[in-house]
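One structure below.
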Amino acid sequence: SSGINAEWPLRPGSTSAPAPYPPMSYNNNNNNGSTPPQTNKQSEGPDGANLFIYHIPSELRDHDLSEMFNTFGTILSCKIFIDKATNQSKCFGFVSFDNPQSAQLAIQ
């Protein structure tokens, strides 16, 4: 188990995550040759296709989270939230797939 937890379906308006948050570093892996998902603009998938992910290790970035979930289906957007004051990960984020079946696969 990766230690990452996903809630499905995403609760509308949910922007908080459990604490505490560990320290952070960077990892610059590629996206296995596939087209990277949007990471700078939030894009929601259809109902049931949007996952709220928490307990994300602080060293992960958007592209790392995308790599972890892209084996389950086409990702429309993937975003780990960053504290603007500290530039540190808040250790939660969202992954939006293009269909609910991919999201369901990701949480099984």
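Because the structure is a prediction, the values reported are computed rather than measured.
Closest approach of F52 and F92 over heavy atoms only: CE1-CD1, 3.4 Å. Across every non-hydrogen atom of S77 and I75, the tightest pair is O-CG2, 3.2 Å. When all heavy atoms of P100 and A49 are compared, the closest pair comes out as N-CB, 3.7 Å. The heavy-atom pair separating C78 from S66 by the smallest distance is SG-N, 3.4 Å. Scanning all heavy atoms of the two residues, the minimum distance from A103 to G48 falls at CB-O, 3.4 Å.
Checked against a 6.0 Å centroid threshold, the rings of F72 and F97 do not count as neighbours.
By the 4.5 Å heavy-atom criterion applied to side chains, E59 and D64 are not counted as neighbours. You'll find the side chain of R61 reaches within 4.5 Å of the side chain of I82, heavy atoms only.
For the atom pair CG of D62 and CD1 of I80, the computed distance is 5.5 Å after rounding to the nearest 0.5 Å. Summarising the geometry, atom NZ belonging to K79 is positioned 15.0 Å from atom CD1 belonging to I53; distances are rounded to the nearest 0.5 Å. If you take CZ on F69 and OG1 on T74, they are separated by 15.0 Å, rounding to the nearest 0.5 Å. Atom-to-atom distance recorded for Q104:CD and L51:CG is 9.0 Å, nearest 0.5 angstrom. A distance of 9.5 Å separates CG of L65 from OG of S89, quoted to the nearest 0.5 Å. The CG atom of L105 sits 9.0 Å away from the OG1 atom of T71 when rounded to the nearest 0.5 Å.
Put simply, the side chain of N50 gets close to the backbone of G45: a donor and an acceptor are under 3.5 Å apart. Of the possible donor and acceptor atoms, none in the side chain of D83 sits under 3.5 Å from a partner among the backbone N and O of K90.
Residues that satisfy the side-chain hydrogen bond (donor to acceptor under 3.5 Å, both in side chains) test with D98, not counting sequence neighbours, are absent from this structure.
The aromatic rings of F81 and F94 sit perpendicular to each other, their planes meeting at more than 60°, with 30° as the lower class boundary.
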